[in-house]
Amino acid sequence: MNAPAFDLGVYLVTDRACCGARGVEAVVSAAIIGGATLVQLRDKQADARPMLALGRRLLELLRPAGIALIVNDRIDVAMALDADGVHVGQQDLPYTEARRLLGRGKIIGVSVGSDAEAREAAGWDVDYVGVGPAFATATKPDAGAQRGAGETARLARMTGHRAVAIGGIDGGNAAGLYAAGLEGVAVISAICSASDPGAAARRLAGLMREHRAPNHGMP
Ligand code: TZP
Ligand code: MG
């Protein structure tokens, strides 16, 4: 069984602190209506059980909308949820172990932040890469130096995989990433910290429609 279809275009990565008192579900709901195309459950602090519970609630919102749910780091939680896939970073289980656990039927994304990581990812049969940080971000203090749109797109191309940019992206700079050839933009604060998350997602979706290249699905 092949991994489910997915669109990296407007990739919402959740953050409980950024979503605040309104809660992650309310933000995800608004973002779906606004035009988010993919959602990642990311919670570095949560224990497995509350993360599982939140994931179940998110699946109830996402399944009817036909939007895939990716789980960050936690392959065990992804499997328990029967989520659509996982995103693994450089300190998480390596890609080959993730694939062995999940099989071909799930989406696996990996983080790429350097030429060496791009070359390594090029040798894996990943479903997508997340490349960054594209711009300066306060959300992940150890993200490293910003690369800018051209450099982010170069790294993405090196991998030969479908690619999403991440880090410091918002309605003010997303157009350049789409125009540079990225299939999508992954955002935390631009949507989760927005006073109107639905409007923030709508703006990004509009930029995607206007600026994304017809042959965006790298390679
Ligand atoms: N990985 C690289 S930068 C980053 C992650 C998870 C943080 C992105 O957050 P924001 O608020 O969209 O800059
Ligand atoms: Mg990780």
Side-chain angles (χ1 to χ4, degrees), residues 8-20 24 27-28 31 34 36-46 48 51 55 69-78 83 85-99 101-102 107-114 117-118 120-121 124 126-149 151-153 155-156 159 163-178 182 184-195 197 200-201 203-205 207-208:
L8 292 167
V10 179
Y11 188 175
L12 167 62
V13 180
T14 66
D15 182 295
R16 241 178 331 129
C18 292
C19 291
V24 175
V27 168
V28 168
T37 60
L38 189 62
V39 172
Q40 179 186 124
L41 170 57
R42 179 179 189 269
D43 196 326
K44 298 276 184 190
Q45 267 79 49
M51 196 168 176
L69 178 69
I70 307 291
V71 176
N72 185 263
D73 298 347
R74 298 293 303 261
I75 295 176
D76 54 345
V77 174
V86 296
H87 185 93
V88 285
Q90 295 293 328
Q91 302 305 321
D92 302 316
L93 276 190
Y95 166 73
T96 43
E97 309 304 331
R99 182 63 80 195
L101 288 165
L102 289 171
I107 299 162
I108 301 182
V110 303
S111 301
V112 165
S114 67
E117 290 169 9
E120 186 176 39
W124 293 331
V126 304
D127 296 289
Y128 76 88
V129 291
V131 184
F135 303 111
T137 176
T139 310
K140 184 175 160 72
D142 64 348
Q146 59 174 308
R147 298 191 160 273
E151 185 61 11
T152 301
L155 271 188
T159 71
V164 63
I166 187 164
I169 302 167
D170 59 22
N173 57 25
L177 290 163
Y178 291 121
L182 274 302
V185 298
V187 302
I188 297 181
S189 53
I191 292 178
C192 294
S193 301
S195 56
R203 175 148 187 228
L204 291 169
L207 292 168
M208 172 186 77

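Numbering of ligands and ligand atoms starts at 1, following listing order.
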*Of all the non-hydrogen atoms in the protein, which one sits nearest to atom 3 (S) of ligand 1, and at what distance?*
G167 CA, 3.7 Å

*asked:* Quick test: of every protein heavy atom, which one is nearest to atom 12 (O) of ligand 1, and how far off is it to 0.1 Å?
replied: I188 N, 2.9 Å

Looking at [X], which atoms of ligand 1 are within less than 4.0 Å of one of its heavy atoms?
X    : result
T139 : 9 (O), 10 (P), 11 (O), 13 (O)
V187 : 12 (O)
R42  : 6 (C)
K140 : 1 (N), 2 (C), 4 (C), 5 (C), 6 (C), 7 (C)
S189 : 10 (P), 11 (O), 12 (O)

For the student: nearest non-hydrogen atoms of [X] and [Y], plus distance:
X    : Y    : result
A174 : V185 : CB-CG1, 4.2 Å
C192 : T14  : SG-CA, 4.0 Å
V110 : A121 : CG2-CB, 4.2 Å

Quick check against the 3.5 Å criterion: does [X] have a side-chain atom that pairs as donor or acceptor with the backbone of [Y]?
X    : Y    : value
T152 : G132 : no
Y128 : H87  : no
D127 : I108 : yes

*Give a yes or no on whether R203 atom CZ has more than 12 heavy-atom contacts from other residues, nucleotides or ligands under 6.0 Å away.*
no

*Report, rounded to 10°, the angle at the Mg ion (ligand 2) between the two atoms OD1 (D73) and OD2 (D92).*
90°

_Does ligand 1 come near enough to G168 that some N or O of the ligand is less than 3.5 Å from an N or O of the residue?_
yes

